[in-house]
Amino acid sequence: MAFLRPSLPPGERFGALAEFPTPAALYQACERVRDAGYTRWDAHAPFPVHGLDRAMGLRASRLPWISLVMALGGAATGMGLQGWVSTVAYPLVISGKPFFSWPAFVPVTFELAVLGGAAGAVFGMLALNQLPTLFHPLFGSARFERATDDGFFISVESWDPKFDADQTVELLRRLGATHVELVAS
Amino acid sequence: MTDHSQPAHHAPAAALPGVLKASALWLPLEHPWRRLPAIGLVVAAAGLGGGLAFGLASPASRPQLWHSWLVGALFVLSIALGGLFFVLVQHATQAGWSVVVRRIAENAMATLPFLALMFLPLVLWGMGDLFHWSHADTVAADPLLTHKQPYLNVPFFVIRTCLYFAIWSALALWFGRQSRLQDETGDHELTRRMRRASAPGLVLFALTVTFASFDWLMSLSPHWYSTIFGVYFFSGSMVAIFAFLALAALALRRAGLLVELISSEHMHDLGKLLFAFVAFWAYIGFSQFFLIWYSNLPEETIFFAMRLNGSWRAASILLALGHFIVPFFFLLPRTIKRNPTALALAAGWLLLMHLLDLHWLVMPNLHPDGLSPSLLDGTTLIGSVGVFLAAFGWSLQRQALVPLRDPRLPESLLFENP
C-alpha cells in the first residue's frame with residue numbers, strides 16, 4: 001500500500017546506512033558524498049543541522065511555488081466567487097453601493113489567500129516528503145532508532161547509479177562512519 | 001530567578017569568536033563616515049535655513065513652510081521611533097539574531113532628543129498655520145471644536161508634545177547608556193535590566209506614539225477621527241526603520257565595516273521584517289479605509305474623499321501599488337532578500353514611498369484640490385535628513401559599531417536561517 005510504504009524501486013536491498021558520531025562529522029561526510037557524485041541518498045539527524053542542505057547539494061525546494069500558486073488561487077477564488085454572486089447569480093443592492101464593490105470582498109479574498117498559502121505549505125510539504133508513510137526499509141536497522149535521539153546517519157540508496165555495495169561502504173567508512181551496515185528492502 | 005537562556009553566561013571575554021578580534025569594531029579614526037556629523041549639520045543648516053528664508057519671505061508661503069516642515073520632521077522622527085521600538089522589542093523577546101545590527105537601531109534612536117529641536121519651531125511659530133483648532137474664534141464658532149476643546153487646546157497640546165519627547169528621549173538615552181555600559185563592563189545583569197525595562201517601555205511607546213500621531217497628524221483636520229490612526233502611523237514607521245536598517249547595514253558593509261559580522265543571514269532577516277511590515281502597513285491602511293468606506297458616514301469619509309479626488313487620487317493609487325503591491329511581490333522570493341543590490345533597491349524605494357505616505361497624510365489639508373509639490377518640501381526634507389544624519393553620525397562614532405560584550409553576540413554571529 002502506497003500509504004504504508006514509500007514508493008521505492010523494487011530490489012533486494014535498500015542501500016547502505018552509516019552512522020556518524022557528531023553533527024560536524026555528518027556535515028563533512030555529506031560534503032564528500034555529494035562531491036563523490038551520489039544523487040539518491042539522504043542524511044538523518046535528531047535536530048536541524050544548519051547548512052546541511054548546502055553540504056548535501058540539495059536544490060531549492062519547490063514548496064514556495066506550491067504555496068504561492070495555492071495562495072493566488074485562494075485569492076482568485078475569494079474575489080471571483082463574491083464578484084460572480086454579487087453581479088451575476090444574485091445581484092442585490094446593499095447600502096446603495098455598486099454590485100461589484102470590491103473593497104467589501106477583500107477580507108474574504110485575503111482569508112482565502114492565507115488559507116490557500118498555508119494549506120499549500122502544509123500539504124505540499126507532506127506530498128513532497130511522501131508523508132504519511134508508516135514504514136520505511138531503514139526501520140529494519142536497530143541502530144537507526146537513534147536518529148531521533150543522538151545518532152547522525154547517512155543512507156545511500158542501492159538504485160543510485162554510483163552505488164556499489166563494497167565501494168560505497170568503503171567510502172562511508174573512510175569518511176569517519178563509526179558503523180556501516182547494508183539494509184534490506 | 002535564574003536565567004537559563006544564556007549559555008555564554010560564564011564565558012570570559014577571551015572566548016569571543018576570533019572574528020571580533022580581527023574586525024574594526026569602531027569607526028576608524030580616518031574613516032570618511034567621521035565627517036557625517038559635520039556634513040549633516042551643513043546640510044541641515046542649508047536646508048532648514050533656506051526653507052525658513054523662502055518660507056518666511058511672504059506671509060502667503062508660511063502655511064506651506066510649516067506643512068512641509070512637518071512632513072520632513074515626521075519622516076526622520078518615524079525612523080528614530082522605529083529604532084526605539086526595534087531595540088525595545090529585541091530586549092523584550094531576548095532576541096539573539098539581531099545583536100550585530102542592534103547598535104544601528106540604537107544610533108537611530110539616539111537622534112530622538114535632537115529631533116525634538118525640529119518640532120520647536122513648529123510649536124513656537126507654526127501652530128496657527130497648521131492647526132485651525134488653535135484659533136479661539138474658529139473654536140468658538142464650531143460646536144465640534146468647542147466640544148473637543150478640553151483636549152485640543154494649545155497649552156495641553158504643547159504639554160503633551162513635551163511629554164512625548166521627554167519619554168522617547170529618556171527611553172532612548174537609558175537603553176543606549178545601558179548598552180554602552182555593557183561594552184565596558186560586560187555585565188550580564190545589564191541585559192536582564194534592559195529586558196525588565198523593555199515591556200513597560202513598549203507600553204509607554206505605544207501610548208505616546210498613538211497620541212502623538214493623533215496630535216500631529218490627525219488633528220490637522222480636527223473634525224475627522226479614526227481610532228486605528230496611531231497604528232497606521234506606527235506601521236509606516238516600522239517600514240521606515242527596517243528599510244533604514246537594511247540600507248545602513250549594507251552601507252556599513254560597503255564601507256568595509258562589520259563585513260565579517262553582518263552576514264547575508266542578518267540581511268535576510270531584515271528583509272523578511274521589511275516584507276512583513278509592508279504587508280502590515282497595507283493591512284492597517286486597508287482596515288482604516290474599509291470601515292470608513294463601508295459605514296459611509298460623512299464625518300469619516302471626508303478623509304478619503306479628499307484623497308480620492310483630483311490628483312490626490314493618483315497619489316493614493318501610487319501608494320497602494322508602490323507601498324504594497326509591487327514591493328510585496330518583489331520582496332517575496334528568498335533570493336531578493338539575500339541580494340544586497342535588490343534589497344537596497346527595495347529599501348530605498350520604500351523609504352521614498354513612506355515619505356509619500358506622510359506627504360499624503362499632511363498635504364491634502366493645505367492643498368485640497370490636488371498634489372502641489374513645493375520647493376519648500378525639498379528644502380525642509382533635505383534639512384530634516386541633515387539633522388538626522390548629523391545626530392546619527394555623532395552617535396555612530398562615539399561608541400562601538402556593535403554591542404561588544406552582549407552575552408548574545410556569539411549567538412548572533414553564528415545565526416543562520418533555517
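The model shown is predicted, which means the values in this text are computed figures rather than measured ones. Chain naming here is simple, since letters A, B, ... match the order of the sequence lines and numbering starts at 1 in each. Scope of the values below: all heavy atoms of this structure, side chains included, with no hydrogens, waters or symmetry mates.
Across Ala104(A), Pro64(A), Ala60(A), the residue that shares the most heavy-atom pairs under 4.5 angstrom with chain B is Ala104(A).
Within 6.0 Å of the CZ atom in Arg13(A), the count of heavy atoms belonging to other residues, nucleotides or ligands does not exceed 12. Within a 6.0 Å radius of CG in Leu131(A), more than 12 heavy atoms belonging to other residues, nucleotides or ligands are found. Around CZ of Phe139(A), the count of heavy atoms belonging to other residues, nucleotides or ligands within 6.0 Å exceeds 12.
Scored by the ring pair (Phe, Tyr, Trp, His ring centres under 6.0 Å) test, Tyr90(A) finds no partners at all (sequence neighbours excluded). The ring pair (Phe, Tyr, Trp, His ring centres under 6.0 Å) test applied to Phe242(B) returns Phe86(B), Phe277(B), not counting sequence neighbours. Partners of Phe324(B) under the ring pair (Phe, Tyr, Trp, His ring centres under 6.0 Å) rule, at least two apart in sequence or in another chain, are Phe328(B).
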Got a list of the donor-acceptor pairs under 3.5 angstrom between chain A and chain B?
residue, atom, partner, partner atom, Å
Arg54(A), NH2, Glu416(B), OE1, 3.4
Lys97(A), NZ, Trp293(B), O, 3.3
Lys97(A), NZ, Tyr294(B), O, 3.0

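For chain B, no part of Pro48(A) is nearby; none of its heavy atoms comes within less than 4.5 Å. Contacts of Phe415(B) with chain A are absent, with no heavy-atom separation under 4.5 Å from either backbone or side chain.
Put simply, the side chain of Phe290(B) does not reach to within 4.5 Å of the side chain of Val106(A), judged on heavy atoms.
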